[in-house]
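Written out below as structure tokens is the structure these notes cover.
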Amino acid sequence: MSRRRHSDSENEGSQPHKRRRTSEPIEIEDRLESLICRVGEKSTSSLESNLEGLAGVLEADLPNYKNKILRILCSVARLLPEKLTVYTTLVGLLNARNYNFGGEFVEAMIRQLKETLKNNLYNEAVYLVRFLSDLVNCHVIAAPSMVAMFENFISVTQEEDVPQVRSDWFVYMVLSCLPWVGKELYEKKDAEMDRLFSQIEGYLKGRVKAHAPMLQVWTAEKPHPQEEYLDCLWAQIQKLKKDRWQERHILRPYIAFDSVLCEALQHNLPPFTPPGHMPDAQYPMPRVVFRMFDYTDAPEGPVMPGSHSVERFVIEENLHCIIQTHWKERKTCAAQLLSYPGKNKIPLNYHIVEVIFGELFQLPTPPHIDVMYTTLLIELCKLQPGSLPQVLAQATEMLYMRLDTMNTSCIDRLINWFSHHLSNFQFRWSWDDWSDCLTVDPEKPKPKFVKEVLEKSMRLSYHQRMVDIVPATFAALIPAEPNFIYKYEDESASSLPGYPASITVGNAIKNRATNEEILAILKEVPNPNQEDDDDEGESFNPLKIDVFLQTLLHLAAKSFSHSFSALGKFHEILKALTERDEGKLHILKVVYEVWRNHPQMIAVLVDKMIRTQIVDCAAVANWLFSQDMAHEFTRLFVWEILHSTIRKMNKHVQKIQQELEEAKDKLEKQQHKRQKDSGDEEDMDKNSEDEEGQLEEQIERLQEKVESAQSEQKNLFLVIFQRFIMLLTEHLVRCETGSVEISTPWYKNCIERLQQVFLMHHVTIQQYMGTLENLLFTAELDPHILAVYQQFCALQL
Amino acid sequence: MRTQMTEGLDIEGYYYNAARCLCLQGNRYDQEKLLKQSHTLYVGNLSFYSTEDQVHEIFSKSGDVKRIVIGLDKVKKTACGFCFVEYYTRTGAENAMRFINGTRLDDRIIRTDWDAGFKEGRQYGRGKSGGQVRDEYRQDYDPARGGYGKLAQQHRPTEARNSF
């Protein structure tokens, strides 16, 4: 496993193929990096003796490798936060041996902190500040100067006209250090700390928490309230304070070295003014703490720390850090999670499963790609086959039982996780335990969940497998066989108006007729929409599309590749047929009709048609919201298509924007070059002027392209939100006039899907807030719908 | 030496390391370069019955899939247990190497490896009998890959003969 990642900045673009010169300094630097990165991992010697030894080695190397050592230590402070106390101890030992080095390290850390804040790397900044605060425990930094830094951070809460997320973050940073250093700071500076506390308390009381409902995984408060993250941390710190800062979970190697460390001279932190608010700052989003277990869930063995215990915070923090560090390498990640120090005192498997699901279900989006969590859980099951699968099964059972109040976006992720997980374990599951889902309204979350799981599971296997794995009683929930439905299948369809043409077209295609010949055939297809001959030209003829597409897709139904090939081969005809919006809408309708038992195929065909510009994104949105698709509106595949469509639109805009940026850069470089070379031969000047002219033209063209793409993107969101508003308003009005309960399964799905659009594409949507507010989300809107918009705005206030 | 060659690839490939001596196109340096920029993966140890649909479903979990080419027996023109998956982005392929490689499809552990890119002709097995080379010589019985290896099949008397 390469540790090289930490010192990526050190590899100055060296060609990896060049055989490295076996010069000593580089070898020693690598060795130092390796020694430092590996300290604290499994070893035959004790951690203390390893630290002692390493401190000696580094001290000896300081004269020649001081800068390298500084850089490595700063990197591990930033990138290996789960090993915080190991490295603070190391720095403490070095400081005891070499006061100047300690001072230089602190300065380097402050520089690094400034850099991370400047670059919106807020998570890393928290780790750095935590590191500095733990250095107080190692007698490297004087407590009063740390308190002063905290005071500066908290003074941010007094700033006016700044986003709440900014001051939130500074408060979070201070509070999250206290499990490590609260005791020491209170012992040295209790009056100042008390003042700090009351300032924080006042701030927290005045915070707006409109965003919280949008981020909660469950709408129910029981069995575990999902607290807003700052509220939870505050409760945990207050409890810790009440317990007189007695905290027994954090591994503190420096305690063993107390006699050495307390002899060391401490440094004062330079006064640190938090950088001011910049308009382009991207502070971390607020969070809700995910809890699914408590002490009653772990049957035997160590007890799970309570939800407001600081131990719970530290454990969760450390486990999140381990995942953050090792997510790309699942075997290492699993091993690191399972070798968490102090694991014998806690029900580690439960914590791990809770933290992993917490990330998977995190709103707006998980920190890492969904599939990582699936594979990580599989690795964990492999490493702990006697215990982890049972905890995972227990968790799955609990999640199933609470589906009724689970956020729809989270249910989506649960469906994808569970089906993928099962496919790795021969789909073995105790389905009978879930037979309660068979007796309720099939639109309710539980039966819907099982249905979607079986549909996804079928995609990873085949229809008969689904029949085999579930009890016979579940037959109604098994998906249909994914077969093509051909309207013009046989003679029983001969009365249909398109039947004769379908035969002709089919033969034409099989005999490799040219596009012209086929278009000629299609011209003869009667138009059900017009009564008599239309001399003014063709009005829209849906039957043409129907006959051609049904026949073509029928011939190509064998596989995705066959269908893609068909779309490609007859692209010209398809473009002609879908020139108008009605054509685009109708082609989507036909695709659905023929493949309605194979949603996966519908999705890939729609994707292909967008990419080859047979349909556009707005057409897809309109189709999904159309009356024809109303009966499928709560099915997962509909939303997967919609989100995929939005993503394609976003990527398209980004691509053109990037082309524009590149062209601008090129022009700039060209202009610089010309200025430098000016005065040389006239010819060269003329040539470069021409080039510049061309570039300027290109930039103008790209500029137009970007504007047009952005306009299309804005229009797409307008269409989508408009349709949501129409559907929801209709429902709300109907319920009100009929005095009927609003909250039907359909309504819950629809309103949460609206939320989902905001959350999944929040970065893009931020650009269009003004338009959305002026045109759509006005004060006249039903408060239920407006609330979603307001909660979304509250996320970055 | 191996670290140098795979440095930057970041994710170890199984088949690449075994097959690199067979690389026929260009010299080794070019091959390295192609792999480091590649958006295409070779996928091995598939069941003969695994479909494009299944491959698409699982590999879509790491990114948008541009194209899948199912490997075919050169003689029979039926699936013979491998395929190529091409992504629109490098990240999609990297995440597949990280999170789909070594997990199951159709109950079999599948293996992915970087590929220099699909070219016409590469969709066919290169074993003498038309399937993959590995199915020529293996001795075990694998019902999802045509039963016994081709060589072993020749030495094995058929069921029919035995029943007399």
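In what follows, every chain begins at residue 1, and chains take the letters A, B, ... in the order their sequences are listed.
- The closest side-chain donor-acceptor pair between A/Arg413 and A/Ser409, if any, does not fall under 3.5 angstrom.
- Contacts of A/Leu460 with chain B are made by both backbone and side-chain atoms, with heavy-atom separations under 4.5 Å.
- The distance between the ring centers of A/Phe560 and B/His56 falls below 6.0 angstrom.
- A/Ser461 and B/Gln54 are not linked by any side-chain donor-acceptor pair at a separation below 3.5 angstrom, with hydrogens and angles left out of the test.
- Between A/Trp417 and A/Phe357, the distance separating the two ring centers is shorter than 6.0 angstrom.
- Only the side chain of B/Leu105 comes within less than 4.5 Å of a heavy atom of chain A; its backbone N, CA, C and O stay farther away.
- If you measure heavy-atom distances from B/Tyr49 to chain A, you find no contacts under 4.5 Å at all.
- A donor-acceptor contact under 3.5 angstrom links the side chains of B/Tyr88 and A/Arg611, judged on distance only.
- Under the 4.0 Å criterion applied to side-chain N and carboxylate O atoms, B/Lys36 and B/Glu32 are not assigned as salt-bridge partners.
- For the pair B/Asn45 (side chain) and B/Ile109 (backbone), a donor-acceptor distance under 3.5 Å is present.
- Using a 4.0 Å cut-off between a side-chain N of Lys or Arg and a carboxylate O of Asp or Glu, B/Arg145 and B/Asp140 do not qualify as a salt bridge.
- The contact between A/Arg459 and chain B is made by backbone and side chain atoms together, counting heavy-atom distances below 4.5 Å.
- A 4.5 Å side-chain heavy-atom check between A/Lys382 and A/Lys331 finds at least one atom pair inside the cut-off.
- Looking only at distances, no side-chain donor or acceptor of B/Arg108 sits under 3.5 Å from a matching main-chain atom of B/Ile110.
- Taking non-hydrogen atoms and a 4.5 Å limit, the residue list of residues 594-605 of chain A in contact with chain B, ordered by number, reads A/His598, A/Gln600, A/Val604.
- By the 4.5 Å heavy-atom criterion applied to side chains, B/Leu34 and B/Gln31 are counted as neighbours.
- Pairs engaging residues 642-653 of chain A under the side chain to side chain donor-acceptor pair (under 3.5 Å) rule: A/Asp607-A/Lys648, A/His643-A/Gln756, A/His643-A/His761, A/Ser644-A/Lys648, A/Asn650-A/Gln713, A/Asn650-A/Thr764 [sequence neighbours left out].
- No side-chain donor-acceptor contact under 3.5 Å links B/Ser38 to the backbone of B/Trp114.
- Contact residues of residues 66-80 of chain B toward chain A are B/Lys66, B/Ile68 (heavy-atom distance under 4.5 Å).
- Salt bridge A/Glu455/A/Arg635: present, at least one basic N to carboxylate O contact under 4.0 Å.
- Of the N and O atoms on the side chains of B/Thr40 and B/Tyr87, not one donor lies less than 3.5 Å from an acceptor on the other residue.
- The stretch residues 370-381 of chain A places A/Val371, A/Met372, A/Thr375 near chain B, each with some heavy atom under 4.5 Å from a heavy atom of that chain.
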